[in-house]
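The next block holds one structure in the form of structure tokens; read it before the comments.
Chain letters run A, B, ... following the sequence lines, proteins first, then strands; residues in each count from 1.
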Number of protein chains: 2
Amino acid sequence: MPRETFYNLPEVKRGKVESAAIDEFSQYAYDSASINRIIDMAGIPKGSFYQYFEDKKDVYRYVIDRLVEKKMAHLKPMLENPLQDNFFDLLFKLYRGGLEFALSNPQLQMITSKILADRKHPVFLELMHDHINASEQVFHILLEKGIERGEIRADIDLELSAHILSTLNTAFADYYLEKKGSIIEEDYLAYVSRHITFLKQGMGSEKSR
Amino acid sequence: MPRETFYNLPEVKRGKVESAAIDEFSQYAYDSASINRIIDMAGIPKGSFYQYFEDKKDVYRYVIDRLVEKKMAHLKPMLENPLQDNFFDLLFKLYRGGLEFALSNPQLQMITSKILADRKHPVFLELMHDHINASEQVFHILLEKGIERGEIRADIDLELSAHILSTLNTAFADYYLEKKGSIIEEDYLAYVSRHITFLKQGMGSEKSR
DNA sequence: TTAGAATGTGACCATAAAGTCATATGACCA
DNA sequence: TGGTCATATGACTTTATGGTCACATTCTAA
């Protein structure tokens, strides 16, 4: 946890530090991220930085907490009544939400991808016993319900399918971000919709079933 | 390219250096990988290392070349007559091949994942103008053919679908590698088969189409 | 006005990194 | 035996890292 001093900081200065940290961790994995670059970006001396944070892990935890907080806030409305929609309608909302989050917070999305790629790193095992795989767990539950309701084929592998939905959720947003870049360019809702159709019906034609 | 000296090395010593390098790059991303650790593992002095390789990039390139070479050798038979199978039979072979490769070369598989996660790193842009996205391109071609033959729905997004197939190919192998022995007791061929069924038919039940 | 607490600050430390180089060793040929 | 060439070697250089700390400054309250 950041020190009291950090929270007492004038808002603009605290914001500069936070932005610098997010910027650094969006470009570099935990090990390669540099405190020196962060303080240069933020325009604060090194001594000050260590008044605010205990160590590197501490800033990183802070950044991840902000990330989770923002993402949760974004997805919360969709998970309020998860069982009133049918599975694929809810899936659409979740993927749309994920994409919108990525488009409006590209740096946080980049951090998300880095975390997933690096998830076996010691620092995560220590830092994230909470929210890692939260996404996978949500999809697991939803899939179970979907099977009960007969919306999902009963012969799927639950664990694997939950993993795939979670992986693709991030991968899909990453892909869109990389290829399209901005939300205005094209009808991204149609794009999400086509992706959900793939998840529901696969790539195969009628003929090939 | 490694220096002449490296190739003149007695096979066993050269093998030790190669293994040490592969081991290091399977555990650490390019930036975090350490030459010092490599030479300690290989049991050679630092001076010798720099007789063999020009710099860090040079060993890395060497490792990647070995990786691509081995993977190609493994997948070659499946790509010999790509159009004699229907799309999903070929897809099955490719996913099976990918999984078998991962199972018999777990370290190389780990390197593959790291490369994909880190693909925007300067060193890759310089090093891999060849074979990056080779996988995506193959899938792209196969999908086109599949559409022509009416095996694939004509309304899919080609680029995105190729990307998904490529991403899932690696993700699927990673997942199996991580989970095998614990929750997966099923024979791996049946596992691949079920995954291909998902790609073909999706997760949706008949009712929900 | 002044004591004391909270903050700010950058020189400094130990450590590790990639890469160099002068010298030592060994092999091959005359 | 002597000379030349490829190879082996580890001390060394430079640069960066995460983190510390003695001291300076500012703020608060009595």
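- Listed by residue number, Pro45(B), Gly47(B) are the residues of residues 40-47 of chain B with a heavy-atom contact under 4.0 Å to DNA chain D.
- In this view, His163(B) and Tyr175(A) satisfy the ring pair (Phe, Tyr, Trp, His ring centres under 6.0 Å) rule, not counting sequence neighbours.
- In this structure, Ile64(A) CD1 and Ile115(A) CD1 are separated by 4.0 Å, a value rounded to the nearest 0.5 Å.
- At the phosphate of dG8(C), OP1 or OP2 sits under 4.0 Å from a side-chain N or O atom of Tyr52(A).
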Show every donor-acceptor pair shorter than 3.5 Å between a side-chain atom in residues 4-19 of chain A and any protein atom, with sequence neighbours excluded, or say none if there are none.
| from | atom 1 | to | atom 2 | distance (Å) |
| --- | --- | --- | --- | --- |
| Arg14(A) | NH1 | Tyr7(A) | O | 3.4 |
| Glu18(A) | OE1 | Tyr62(A) | OH | 2.7 |
| Ser19(A) | OG | Gly15(A) | O | 2.9 |

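- Residues satisfying the salt bridge (charged side-chain N to carboxylate O under 4.0 Å, His left out) criterion with Glu151(B), sequence neighbours excluded, are Arg149(B).
- A close approach under 4.0 Å does not occur between any side-chain nitrogen or oxygen of Asn36(B) and OP1 or OP2 of dA16(C).
- One finds a side-chain N or O of Tyr50(B) lying less than 4.0 angstrom from the OP1 or OP2 phosphate oxygen of dG19(C).
- The ring pair (Phe, Tyr, Trp, His ring centres under 6.0 Å) search around Phe139(A) returns none, not counting sequence neighbours.
- Taking for each of Gln51(B) and Asp55(A) the nucleotide of DNA chain D with the nearest heavy atom, the 5'-most of the two is the partner of Gln51(B).
- Contact footprint of chain B on DNA chain D: nucleotides with an atom under 4.0 Å from a non-hydrogen protein atom, first to last in 5' to 3' order, dT7(D) to dG10(D).
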Which pairs of donor and acceptor atoms, one on a side chain in residues 30-40 of chain A, lie under 3.5 Å apart (sequence neighbours left out)?
| from | atom 1 | to | atom 2 | distance (Å) |
| --- | --- | --- | --- | --- |
| Tyr30(A) | OH | Lys57(A) | N | 3.2 |
| Asp31(A) | OD1 | His121(A) | NE2 | 3.2 |
| Asp31(A) | OD2 | His121(A) | NE2 | 2.9 |
| Ser34(A) | OG | Asn36(A) | N | 3.2 |
| Ser34(A) | OG | Arg37(A) | N | 3.1 |
| Asn36(A) | OD1 | Lys46(A) | NZ | 2.7 |
| Arg37(A) | NE | Glu24(A) | OE1 | 3.2 |
| Arg37(A) | NE | Glu24(A) | OE2 | 2.8 |
| Arg37(A) | NH2 | Glu24(A) | OE2 | 2.8 |
| Arg37(A) | NH2 | Ser32(A) | O | 3.0 |

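- Legend: salt bridge (charged side-chain N to carboxylate O under 4.0 Å, His left out) pairs involving residues 93-118 of chain B, not counting sequence neighbours, sorted by first then second residue: Asp85(B)-Lys93(B), Arg96(B)-Glu100(B).
- Ring pair Phe172(A)/Tyr95(A) is tilted by interplanar angle, where 30° to 60° counts as tilted.
- The aromatic ring centroids of Phe53(A) and Phe49(A) lie less than 6.0 Å from each other.
- With sequence neighbours excluded, no residue forms a side-chain hydrogen bond (donor to acceptor under 3.5 Å, both in side chains) with Arg61(A).
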Between N or O atoms, less than 3.5 Å apart, protein on one side and nucleotides 27-29 of chain C on the other: list the pairs.
none

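- For residues 66-78 of chain A, the set of pairs meeting the salt bridge (charged side-chain N to carboxylate O under 4.0 Å, His left out) definition, not counting sequence neighbours, comprises Arg66(A)-Glu69(A).
- Summarising the geometry, the separation between CD1 on Ile39(A) and C1' on dA11(C) is reported as 13 Å, rounded to the nearest angstrom.
- Shortest non-hydrogen contact noted between Met1(A) and Asp58(A) is N-OD1, 2.7 Å.
- Shown for residues 4-33 of chain B: residues whose heavy atoms fall under 4.0 angstrom of DNA chain C, namely Ala33(B).
- Distances shorter than 4.0 Å separate none of the side-chain N or O atoms of Ser48(A) from OP1 or OP2 on dG8(C).
- With Ser193(B) contributing its side chain and Leu189(B) its backbone, the two residues share no donor-acceptor pair below 3.5 Å.
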